[in-house]
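Predicted model, so just to flag it, every value in this text is computed and none were measured. Throughout, protein chains are lettered first and strands after them, A, B, ... in sequence-line order, and every chain is numbered starting at 1.
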There are 2 protein chains.
Amino acid sequence: MVQLTKEQKQLIEKIGIYHEQQGFPPATGRIIGLLYVSDRPHLSFEEIIDTLNISKSAASNALNLLLQMHLIEYITFPGDRKRYFGALLENWHEEVINKMDSILAFSKLLKQTNELRGNANPDMNQKVLERIEFLEFLSKEVPALLQKWIKERQQ
Amino acid sequence: MVQLTKEQKQLIEKIGIYHEQQGFPPATGRIIGLLYVSDRPHLSFEEIIDTLNISKSAASNALNLLLQMHLIEYITFPGDRKRYFGALLENWHEEVINKMDSILAFSKLLKQTNELRGNANPDMNQKVLERIEFLEFLSKEVPALLQKWIKERQQ
DNA sequence: ATTTTAGTTCTCAAAATTATGAACTAACGA
DNA sequence: TCGTTAGTTCATAATTTTGAGAACTAAAAT
């Protein structure tokens, strides 16, 4: 059971709400919040449920979801059956790439609208095309930006 | 009532699902889908509810949400009380900017986690800081990219 | 003045999501 | 072997979201 200050609790809720807006269930958002806010980098299953007052099943489902999305990791220690869960802070590369993939998937749908429309409305096709091209531009340039940033850091 | 082919109907559903994943209610996603797929650039309230088989209230709420988010617009004609709703295809600038704002808001929350942590875990603070800096970098560079793209287009 | 139209708002029901608590499992420990 | 621990899974309850249908409003049309 982790002892938290009022500020820490409030910040966990804010981080939770942000993640809810990104599509996560409330309990999942709070777990992420706790792992971000905690002084200790890794907390056990038990500590998480005791600290957040959530059920084992909610925690189990949330942790597995977060593991699957590579937003958290767990470590273990010899002679200790527990897993210790912590935020996976280095993996936002993947997040950015995924976001770009989703944008690219949408731009493919937009392409299909133009194809289906044929030349029934050339003006609309033109506007849609512009948007498609921007989305493709973004999907190309943002990963390039990522590389640029990594390179600048390395020096 | 708009007559749609099987392909058009399927594409509307796909665009609908994409928008559901972005947090919109199903009916709202379908309206966006219809307005993207339609040959005609603007459809009346009545045409929308007849074509999609949704209730007036669902349509009313969805259209107002989409208007408020600047994802659609409506036009009117003299001597015609109806509003004709159409996709607002030029406004993705705003979407990009909003997305960056939201990312920046999150990076502020991350900053707070570091502040609250003090020097209880310098290693974690360092990793969080790296992420903050990347998010800030992104929030600066993506709008710049947008400008670059606009400039290239204008020529 | 009354009716029609275009849409809004309200109430409520259906559906989907999320979380609980209990039962369960598999490994470990005594 | 029997109990304990660390979590998972299941049935179900609580909550939230979404949408339908009816009642309503305000402007326009007759």
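Atom OH in A:Tyr84 sits roughly 14 Å away from atom C1' in D:dG7 (whole-Å rounding). Protein atom CG of A:Asn64 is 7 Å distant from nucleotide atom P of D:dT9, rounded to whole Å. Whole-Å rounding puts the B:Glu47 CD to C:dA6 P distance at 11 Å. One interatomic measurement links the two molecules: CG of B:Leu43 to P of C:dA6, which rounds to 15 Å at whole-angstrom precision. Put simply, CG on A:Asp80 is 13 Å from C1' on D:dG7, counting in whole angstrom units. At whole-Å resolution of the value, CD1 in B:Ile49 and P in C:dG7 are 9 Å apart. As a whole-Å value, the separation of B:Asp50 CG from C:dA6 P is 12 Å. Atom C1' of nucleotide C:dA26 and atom CZ of A:Arg83 are separated by 13 Å, given to the nearest angstrom.
Partners of B:Phe85 by ring pair (Phe, Tyr, Trp, His ring centres under 6.0 Å), not counting sequence neighbours, listed by chain and number: B:Tyr74. Evaluation of the side-chain hydrogen bond (donor to acceptor under 3.5 Å, both in side chains) rule for B:Arg153 yields A:Glu133 as partners, not counting sequence neighbours.
Ionic pairing of A:Arg131 and B:Glu95 is present here: one or more N-O contacts between side-chain nitrogen and carboxylate oxygen are shorter than 4.0 angstrom.
One finds the CD atom of B:Glu130 at 9.0 Å from the NZ atom of B:Lys127 (value rounded to the nearest 0.5 Å).
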Practice prompt. List the protein contact pattern of nucleotides 16-27 of chain D with one symbol per nucleotide (5' to 3'): B for base contact, S for sugar-phosphate-only contact, - for none; contact means a heavy-atom distance under 4.0 Å.
Written response: --SSBB----BB
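There is no side-chain donor-acceptor pair under 3.5 Å between A:Gln126 and A:Asp123.
The shortest non-hydrogen separation linking B:Thr51 to B:Val2 is OG1-N, 2.9 Å.
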